[in-house]
Amino acid sequence: MAILLILIALVGLILLLVDPNNLRISLVKGALFFSILVLGLTEILGYFNFLNYNNLIITWGMIDAALLYFIVKRKSINIISIVLNKTKVAIKTFNSWEKFLLGFSVFIVLGILVQGLIYPTNNWDSMAYHMPRVIHWIQNESLAHYRTTVYPQLNSPPLAECIILNLNLLAGNDYFSNTVQLFYLVASAIALSSVSKQLGLSRFGQLLTSFILVCIPEVILLSSSAHTEIVVSFFMIAGIYYLIKTIGEPSLINFVLLGCFFGMAAASKATFYIYIAPFVVAWGMFQLYLIIFKKEKLRWLHYILLILSFVVLNVGHYSRNYQLTGSVFATSESLHYYYVNEEHSVKMMISNITRNISSQFGFPKIAPIADKTTRKLHKLINSDPDNLKTTTHDYRVDPLATHENNGSNIYHMILVLLSIVWVLISIKKLNPLLTVYWIAIILSFLLFCFYLKWQPWAKLHAPFFIFYSIVLAHFLMKTLKSKILFSIAIFGFVCYATAILLFNWSRPIITYPPFTSKIKITDNRYKKYFSRFIRYHKDYKIVSNQIASHNLKSIGLLFGDYDMEYQLFLNPYRNNIKSFHINSHEICEQIPMQEKLDCIVSTKYEHLIEFRGEKYYNVTKGNDGYLYLFLKKRF
């Protein structure tokens, strides 16, 4: 299988970088350089319009050959036995609790892996922009912007989808799309345990940190999807590690690595800028302290290379955005006001904080109480929870939030609230570095509430809970001295995590409506794309089958501003079909349209469509109102 070429490259990089005395950070670096390699390769091939299956085979083959040459030359293969022996020795020293925490974490990861292979990614975001942009890039053999009605296909950072593109194009299918988030979940657990070590947690505390992270319900749900929250979280965590490391070891390489990790975070998801800001400000203030009061020399080269490494990794995406919109972030006034708060006040902050917290209580019987309580608080402060200046959607707490878009983390949230009280009471006794870390996390959440309007998508809170896993681990170890109480707390994590894994609403291992969708493991793969919106399945299947049966190659799309596109084509990785958006978002409407089309696919019912002097007739009038196919002649 051609996909093995990528796996060989990943393993080869790790072998060349691995340090048996610092295994975890070696793996973190390996994940970084592998990610940079995929992004750089995709950008370069795309720049020359060479982004296709044959060129990927050749390029990855050359990379593997080079890596194998250096592995043989440096005898890096011998390190495997050293690492395995050290790992075995370390595990033998684990107590029963440590073995259980590690073992259950592995169980959850393996469960997610199986789930992600059985089910395709099937949330609306993935069908509307994560996966369609991959198809358009493959069709165009380039990452260049194109006409589309779904603007996030263009302005969203490209890293995760670039990795998906390489995996899927080499594999010839999308079976491995969900492994991207899972890969970075494992990497995040490794990186976060390293940060917890920097903050003074014991080995048990480091394992507990990773265990808490893996048990976060939203993280479990996201890790078998094509979203990007776990990807960006890994690079932020690793960046935080190097923020701390550069304080004690201000070497040039550490500054460059810091810039690379943050650069890759920016290439993953735009919320990076919000979540990481307090950490960078704290680090910057300490750097100024060292320069002004400790009279340390100003390391100009270090700072320049840090910034340069950040920019270089994003120059491709930034330049495409700038050419299209005049902004490196490709924002528009309408997009700005859709997401960004239009008023700022104490009331607004209380409103956004309480609504974001209440979103984490999406659990039967509890969700209505959380909703009612939040509305009463808004009434008390004379604030409207549905205020359009601070809200993107009507406020509500999802009564059954067990899917990745707004999965609730009620158990973790309760512990977070309790830990905040405990930290405030015992803050003078805490490790100063851990205190600064905790303050930065709280400020990142407050900044999130201050800058962004309230949205129902609880997935956006995932980095907060991931960061906070370290604080929760410390909190549980310090407060639950009783073995019985500690066991009960761990039992809560285990039960909740297992339930979320088994009863994932979109990708259930055990189908149990209404707690899951009606989709089953035994259903055919195409039907599984529609687990959350099964009513669309019939129309999409009819249209995609007709496209295949009539051998239609040039397809015009008349879609709304956020319609599902990915399920339109059967096996898009091994055909020469090209799709073009006839209508488009206002920002990309200047991009030329395709001159000739074989057919038109529209989400609106019409008898016929006239396009550039030709008539296209609706041949699927019996469809249910979600998708229609228009051909040049009646069949």
Side-chain angles (χ1 to χ4, degrees), residues 118-132 134-135 148-150 173-175 177-178 225-226 400 403-405 504-508 511-575 577 579-583 597-609 616-635:
I118 292 173
Y119 284 97
T121 183
N122 53 13
N123 57 77
W124 195 285
D125 283 351
S126 295
M127 300 298 97
Y129 82 89
H130 288 299
M131 300 303 290
V134 172
I135 301 306
T148 179
T149 57
V150 185
N173 55 57
D174 61 6
Y175 280 84
S177 298
N178 296 333
S225 77
L400 187 61
H403 53 84
E404 62 271 27
N405 278 356
N504 181 323
W505 207 93
S506 304
R507 296 173 291 280
T511 301
Y512 191 62
F515 298 101
T516 70
S517 64
K518 294 180 180 180
I519 209 74
K520 299 176 183 176
I521 286 179
T522 54
D523 287 328
N524 68 71
R525 189 169 180 84
Y526 189 74
K527 187 177 180 180
K528 290 174 182 174
Y529 288 113
F530 301 88
S531 66
R532 291 190 57 210
F533 17 81
I534 197 67
R535 62 189 184 276
Y536 289 81
H537 173 249
K538 177 187 171 185
D539 284 10
Y540 275 79
K541 186 175 182 180
I542 289 172
V543 171
S544 59
N545 283 339
Q546 291 230 28
I547 289 172
S549 64
H550 293 305
N551 197 29
L552 304 172
K553 300 299 182 184
S554 182
I555 301 166
L557 305 178
L558 276 172
F559 280 23
D561 59 2
Y562 208 67
D563 284 321
M564 295 186 295
E565 184 181 339
Y566 182 66
Q567 309 100 311
L568 185 57
F569 309 111
L570 300 173
N571 190 19
Y573 303 99
R574 287 292 184 268
N575 61 42
I577 289 176
S579 56
F580 308 90
H581 284 265
I582 296 172
N583 56 336
L597 301 173
D598 293 335
C599 67
I600 292 175
V601 177
S602 176
T603 54
K604 290 183 179 181
Y605 177 86
E606 295 180 75
H607 291 291
L608 65 87
I609 294 174
Y616 296 80
Y617 297 91
N618 189 341
V619 296
T620 53
K621 292 181 180 180
N623 280 6
D624 293 334
Y626 302 109
L627 200 68
Y628 300 96
L629 177 66
F630 296 77
L631 300 179
K632 292 181 183 180
K633 59 182 179 178
R634 302 173 195 262
F635 284 84

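Worth knowing before you read on, the calculation uses all heavy atoms, side chains too, and leaves out hydrogens, waters and symmetry mates. Sequence positions, counted from 1, serve as the residue numbers for this chain.
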Hey, mind stepping through Gln567 and Met131 against side chain to side chain contact (heavy atoms under 4.5 Å, CB included) and telling me if it holds?
CA-CA 9 Å; Gln567 309 100 311; Met131 300 303 290; over 6 Å; no

Decide yes or no for [X] and [Y]: does some side-chain heavy atom of the first lie under 4.5 Å from some side-chain heavy atom of the second?
| X | Y | answer |
| --- | --- | --- |
| Leu557 | Asp563 | no |
| Ser602 | Ile609 | yes |
| His130 | Ser177 | no |
| Phe559 | Met564 | no |
| Leu631 | His550 | yes |
| Ile135 | Leu568 | no |

With distance as the sole test, does [X] use its side chain to make a donor-acceptor pair with the main-chain N or O of [Y] at under 3.5 Å?
| X | Y | answer |
| --- | --- | --- |
| Asn173 | Tyr573 | no |
| Thr121 | Ser126 | no |
| Thr620 | Leu629 | yes |
| Asn623 | Tyr628 | no |
| Asp539 | Gly625 | yes |
| Ser517 | Trp505 | yes |
| Asn122 | Phe530 | no |
| Asp523 | Lys520 | yes |

Ile519 vs Arg507, side chain to side chain contact (heavy atoms under 4.5 Å, CB included): CA-CA, chis, key distance, verdict
CA-CA 8 Å; Ile519 209 74; Arg507 296 173 291 280; over 6 Å; no

Closest approach of [X] and [Y], non-hydrogen atoms and distance?
| X | Y | answer |
| --- | --- | --- |
| Leu627 | Thr603 | CD1-CG2, 4.0 Å |
| Leu552 | Cys599 | CD1-SG, 3.6 Å |
| Tyr562 | Asp125 | OH-OD1, 2.6 Å |
| Lys538 | Gly622 | NZ-O, 4.2 Å |
| Gly560 | Thr149 | O-OG1, 2.7 Å |

Value rounded to 0.5 Å, distance of [atom1] in [X] from [atom2] in [Y]:
| X | Y | atom1 | atom2 | answer |
| --- | --- | --- | --- | --- |
| Tyr605 | Asn618 | OH | CG | 6.0 Å |
| Ser554 | Leu597 | OG | CG | 4.5 Å |
| Phe569 | Tyr540 | CZ | OH | 10.5 Å |
| Ile542 | Ile547 | CD1 | CD1 | 12.0 Å |
| Ile555 | Ile582 | CD1 | CD1 | 11.0 Å |

Hey, is Asp174 close enough to Arg525 for a salt bridge, meaning N to O under 4.0 Å?
yes

Should the ring pair His537 and Tyr526 be called parallel, tilted or perpendicular, given that the plane angle runs from 0 to 90° and is split at 30 and 60?
tilted

Ignoring hydrogens and geometry beyond distance, is a side-chain donor-acceptor pair present between Asn551 and Ser549 at under 3.5 Å?
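No, Ser549 and Asn551 have no side-chain donor paired with an acceptor closer than 3.5 Å.
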
Atom NZ of residue position Lys553 - does it have more than 12 heavy atoms of other residues, nucleotides or ligands inside 6.0 Å?
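Yes, because the 6.0 Å sphere around NZ of Lys553 holds more than 12 heavy atoms from other groups.
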
Please find out if less than 6.0 Å separates the ring center of Tyr626 from that of Tyr536.
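Yes, the ring of Tyr626 comes within the 6.0 Å limit of the ring of Tyr536, centre to centre.
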
Sequence-distant partners of [X], ring pair (Phe, Tyr, Trp, His ring centres under 6.0 Å), two or more places apart:
| X | result |
| --- | --- |
| Tyr616 | none |
| Phe630 | none |
| Tyr119 | none |

Evaluate the side chain to side chain contact (heavy atoms under 4.5 Å, CB included) criterion for residues Glu565 and Ser579: first the C-alpha distance (whole Å), next the side-chain angles of each, then the deciding distance (0.1 Å), finally the verdict.
CA-CA 10 Å; Glu565 184 181 339; Ser579 56; 4.1 Å; yes

Could you go through the side chain to side chain contact (heavy atoms under 4.5 Å, CB included) check for Ile118 and Lys528 one step at a time?
CA-CA 9 Å; Ile118 292 173; Lys528 290 174 182 174; 3.5 Å; yes

